[in-house]
J.: 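I have a structure I would like to understand better, so I am pasting it below and will then ask my questions one at a time.
All residue numbers in this chain count up from 1 along the given sequence.
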Amino acid sequence: MPTPSRDAPRGRPAPLRAVLLLTWISTCALMAFQIGGPFLAESAYGFSRTEKFALVLLTNIGYIPSALFVGPALRRLAERTPWLSTRDVLAGLITVLSLCSMVPFVADALGGDALGRPALWGSALVLGSLSGAVWPIVESYLSGARRAQQLRRATGLFNLSWASAGMFVLFAMSPFVSEAPLLILLIAGLIHLGSLACIFSLTPEPAKHLEEHHEPHPPVYRRLLVLLRFELPLSYVVLSAIIAAMPDATAQVGVHPKWRAALASTWMVARLVSFWFMQRGEQWHGRWRTPLLGGGLMLVGFALALLAPLRIPGALDAWALTLGLTLFGLGQGVVYAAAIYYAMEVGSASVDAGGTHEAVIGGGYLLGPLAGLAAGWVAASPGQAGGIPFDLALVAIVGAMGVLAIGGGAWLARRAGAGREESPPPAGTPQRAEA
């Protein structure tokens, strides 16, 4: 952190293995609630569709302020308590998150539904809020003192790490959702406590970039980041809507309760594949067609996944649902991988850059369940009940948001470079062509 009382080390990146292992374990623990929450709530307390969308909304309502204010809060702490490092703050956040995940199990064991249900809602609020502060810090450790090819490799491995963890936890918990849903949260909390061992390998502060030792990024990166600031929240609008809708969608196509969470995680497998290709290749850097293709795949996949049970009869509906989730996962992987790379490259790896990136994600997490609640109101409104299926209303609302986000973001991004000539990088700097 750039403060006189607590300077970050210069030019010495944090151990990548420790950051990736911390990311994998923390993601496993957090995704059990953030992604698996609707399945667990339905199994434990019989949550309705509206309650599931409300739970996802509550889980993410504090994510934005937490992500935005973690950077300023760390700077203030550095001034007042110079002995308290960023690493210490990260350890404290993870400890609280771990305990928070265990609360619903303990409350239900002590007081049944009367205590367990309120504890689930409370844990959703606290867990979602604090996780918004964790990831900007982790991303700062990941990207500090890394640039160009080194940063591309680090962010690619970071994406593969958390994406594989989310996929793993949904597959692992799926057979036990109907048997012991709250026990899953207890185990997730204990696993999260184990991630504290990785923190001791980190430096007290994230490293800072040495600008003079790295080539500047091409000017088009900043413009592409403008477009991706619109597409990234859109991807999480779609994702959070899918999270809340999948328990009902998988039930409609006749999937056994033990395997509904596993089928719903199809998009995670596809996203992991997309991350792998983005991490391995460099042809997408600086190209406009990459985010546009990703945004299109997300919207098409979402529409197919939700409308398959309504429009495709028989055994094909489950296959259509799977195909839709696959297309969404591929598109979401493209958008996220490009967004985090440009955010770290343009934002110089600060906690504030990571906080802005996570706040944009939080905006999508917030709007997705709101779109679901609005779709429920439209489908049940007087004079239209039975005329507009919920899934069709949700696709229409999210589709309209998608067209506005992609179209508006592309227009603003193009305008950001209009009217002035973009200065080329210094002589001797390799330039990437803009397609």
J.: The test is side-chain contact (heavy atoms from CB on, under 4.5 Å); show your working for M298 and V334 and say whether it passes.
T.: CA-CA 10 Å; M298 288 191 308; V334 168; over 6 Å; no
J.: To the nearest 0.5 angstrom, please state how far the CG atom of L170 sits from the CG atom of L263.
T.: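 One finds 11.0 Å between CG of L170 and CG of L263.
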J.: What are the two closest heavy atoms between G333 and S274, and how far apart are they?
T.: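 The pair with the smallest heavy-atom distance is C-OG, 3.5 Å.
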J.: To the nearest 0.5 Å, what is the distance between CD1 (I361) and OH (Y365)?
T.: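 These two atoms lie 7.0 Å from each other.
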J.: To check you understand the geometry: which heavy-atom pair defines the closest contact between L299 and V398, and what is its length?
T.: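 Heavy-atom minimum between the residues: CD2-O, 4.3 Å.
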J.: Cation-pi between R289 and W284: NZ/CZ under 6.0 Å from ring centre and within 45° of the ring axis?
T.: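 Negative - R289 is either too far from the ring of W284 or too far off its axis.
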J.: Has T81 got a side-chain atom pairing as donor or acceptor with W83's backbone, closer than 3.5 angstrom?
T.: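 Between the backbone of W83 and the side chain of T81 there is no qualifying donor-acceptor contact (under 3.5 Å).
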J.: With a 4.5 Å heavy-atom cut-off, do E139 and T155 have their side chains touching?
T.: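 Result no, sub-4.5 Å side-chain heavy-atom pair not found.
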J.: Atom CD in Q279, atom CG in L272: separation rounded to 0.5 Å?
T.: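 Rounded to the nearest 0.5 Å, the CD-CG separation comes out at 11.0 Å.
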J.: Just wondering, do M167 and R271 contact through their side chains at under 4.5 Å, heavy atoms?
T.: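 In short, these two side chains do not touch, never coming nearer than 4.5 Å.
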J.: Find out whether F176 and K258 are in side-chain contact, i.e. whether some heavy atom of one side chain is under 4.5 Å from a heavy atom of the other.
T.: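 They are not in contact (no side-chain heavy atoms under 4.5 Å apart), so the answer is no.
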J.: Report the residues that fulfil side-chain hydrogen bond (donor to acceptor under 3.5 Å, both in side chains) with S131, sequence neighbours left out, ordered by chain and then residue number.
T.: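 Applying side-chain hydrogen bond (donor to acceptor under 3.5 Å, both in side chains) to S131 gives Q34.
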J.: So do L90 and T86 actually touch side chain to side chain, heavy atoms under 4.5 Å?
T.: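 SC-SC contact between T86 and L90 ruled out.
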J.: Got a sec, which residues hit ring-ring contact (aromatic ring centres under 6.0 Å, His included) with F39, two or more places apart in sequence or on another chain?
T.: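 In terms of ring-ring contact (aromatic ring centres under 6.0 Å, His included), with neighbours along the sequence ignored, F39 is linked to no residue.
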J.: Could you go through residues 104-111 and list every donor-acceptor pair under 3.5 Å that involves a side-chain atom there, pairing it with any protein atom two or more places apart or in another chain?
T.:
residue : atom : partner : partner atom : Å
D108    : OD1  : Y45     : OH           : 2.8

J.: Donor-acceptor check, side chain of S161 to backbone of L20, threshold 3.5 angstrom: yes or no?
T.: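 Checked: pair present.
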J.: If I compare all heavy atoms of P181 with all of L40, which pair ends up nearest, and what's the gap?
T.: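 Looks like O-CD2, 3.6 Å.
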J.: Taking only residues at least two apart or on different chains, which pairs with a member in residues 243-268 satisfy ring pair (Phe, Tyr, Trp, His ring centres under 6.0 Å)?
T.: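 Qualifying pairs: W267-F328.
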J.: Side-chain donor-acceptor contacts of residues 62-70 below 3.5 Å, not counting sequence neighbours, with atom names and distances?
T.:
residue : atom : partner : partner atom : Å
Y63     : OH   : E358    : OE1          : 2.5
S66     : OG   : S129    : O            : 2.6
S66     : OG   : A133    : N            : 3.1

J.: Apply side-chain contact (heavy atoms from CB on, under 4.5 Å) to residues L325 and M246 and explain how you reach the verdict.
T.: CA-CA 10 Å; L325 292 173; M246 278 303 101; 4.1 Å; yes
J.: Salt bridge check, R117 against E51: does any charged N sit closer than 4.0 Å to a carboxylate O?
T.: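 Looking at R117 together with E51, the answer is yes, because their closest N to O distance falls below 4.0 Å.
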J.: Quick one: ring-ring contact (aromatic ring centres under 6.0 Å, His included) partners of F275, sequence neighbours excluded?
T.: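 F275: ring-ring contact (aromatic ring centres under 6.0 Å, His included) contacts with W162, Y336.
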J.: Within a 6.0 Å radius of atom CZ on F277, are there more than 12 heavy atoms belonging to other residues, nucleotides or ligands?
T.: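 Counting neighbours around CZ of F277, 12 or fewer heavy atoms of other residues, nucleotides or ligands fall under 6.0 Å, so no.
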J.: With sequence neighbours excluded, tell me which residues meet ring-ring contact (aromatic ring centres under 6.0 Å, His included) with F47.
T.: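 In terms of ring-ring contact (aromatic ring centres under 6.0 Å, His included), with neighbours along the sequence ignored, F47 is linked to W121.
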J.: Between V126 and V103, is the side-chain contact (heavy atoms from CB on, under 4.5 Å) condition met? List the steps.
T.: CA-CA 11 Å; V126 177; V103 167; over 6 Å; no
J.: Against the six-membered ring of Y342, is R222 placed for a cation-pi contact (under 6.0 Å from the centre, within 45° of the normal)?
T.: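 Output no; distance or angle outside limits.
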J.: If you compare all heavy atoms of A241 against all heavy atoms of L394, which two are closest, and at what distance to 0.1 Å?
T.: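 The answer is CB-CD2, 4.4 Å.
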J.: Once side-chain hydrogen bond (donor to acceptor under 3.5 Å, both in side chains) is applied, do any residues pair with E231, and if so which ones, sequence neighbours excluded?
T.: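 With sequence neighbours excluded, E231 shows a side-chain hydrogen bond (donor to acceptor under 3.5 Å, both in side chains) to no residue whatsoever.
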J.: With R87, which residues qualify under side-chain hydrogen bond (donor to acceptor under 3.5 Å, both in side chains), at least two apart?
T.: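 R87: no side-chain hydrogen bond (donor to acceptor under 3.5 Å, both in side chains) contacts found.
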J.: Test of understanding: with ring-ring contact (aromatic ring centres under 6.0 Å, His included), list the residues that count as partners of W411, not counting sequence neighbours.
T.: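 With sequence neighbours excluded, W411 shows a ring-ring contact (aromatic ring centres under 6.0 Å, His included) to no residue whatsoever.
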J.: Is there a donor-acceptor contact under 3.5 Å from the side chain of D88 to the main chain of S85?
T.: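 Yes, D88 side chain to S85 backbone: donor-acceptor pair under 3.5 Å.
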J.: Please assess L125 against T59 for the test side-chain contact (heavy atoms from CB on, under 4.5 Å), listing each intermediate value before the final yes or no.
T.: CA-CA 5 Å; L125 176 61; T59 303; over 6 Å; no
J.: If every non-hydrogen atom of L330 is compared with every non-hydrogen atom of A270, which pair is closest and at what distance?
T.: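 Between these two residues, the closest heavy atoms are CD2-O, 3.4 Å.
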J.: Between M268 and F171, is there a side-chain heavy-atom distance shorter than 4.5 Å?
T.: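 Result no, sub-4.5 Å side-chain heavy-atom pair not found.
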J.: With rounding to the nearest 0.5 Å, note down the distance linking CG in L120 to CG in D113.
T.: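 Going from the CG atom of L120 to the CG atom of D113 covers 10.5 Å.
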J.: Is there a side-chain contact between P247 and R49 in this structure, where contact means two heavy atoms from C-beta onward sitting under 4.5 Å apart?
T.: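 A side-chain contact under 4.5 Å is absent here.
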J.: Measuring only between side-chain heavy atoms, which start at C-beta, is K52 closer than 4.5 Å to E42?
T.: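 Yes - at least one pair of side-chain heavy atoms lies under 4.5 Å apart.
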J.: For the atom pair CD1 (I340) and CG (L225), what is the distance rounded to the nearest 0.5 Å?
T.: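 Interatomic distance, I340 CD1 to L225 CG, rounded to 0.5 Å: 11.5 Å.
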J.: Nearest 0.5 Å, please: how far is OG in S48 from CZ in F53?
T.: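 Result: 10.5 Å between the selected atoms.
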J.: Of L304, V300, L306, which meets side-chain contact (heavy atoms from CB on, under 4.5 Å) against F302?
T.: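 Option passing the side-chain contact (heavy atoms from CB on, under 4.5 Å) with F302: L306.
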J.: Determine the minimum heavy-atom distance between P38 and V56, stating which atoms define it.
T.: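 Heavy-atom minimum between the residues: CG-CG2, 3.8 Å.
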J.: Is R260 close to D248 at the side-chain level, that is, under 4.5 Å between some pair of heavy atoms?
T.: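 Side-chain contact under 4.5 Å: no.
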J.: Apply side-chain hydrogen bond (donor to acceptor under 3.5 Å, both in side chains) to S164 and list each qualifying residue two or more places apart in sequence or on a separate chain.
T.: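 S164 satisfies side-chain hydrogen bond (donor to acceptor under 3.5 Å, both in side chains) with W24 only.
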J.: Show me, pair by pair, the donor-acceptor contacts under 3.5 angstrom made by side chains of residues 182-198, not counting sequence neighbours?
T.:
residue : atom : partner : partner atom : Å
H192    : NE2  : S26     : OG           : 3.2
S195    : OG   : H192    : O            : 2.6

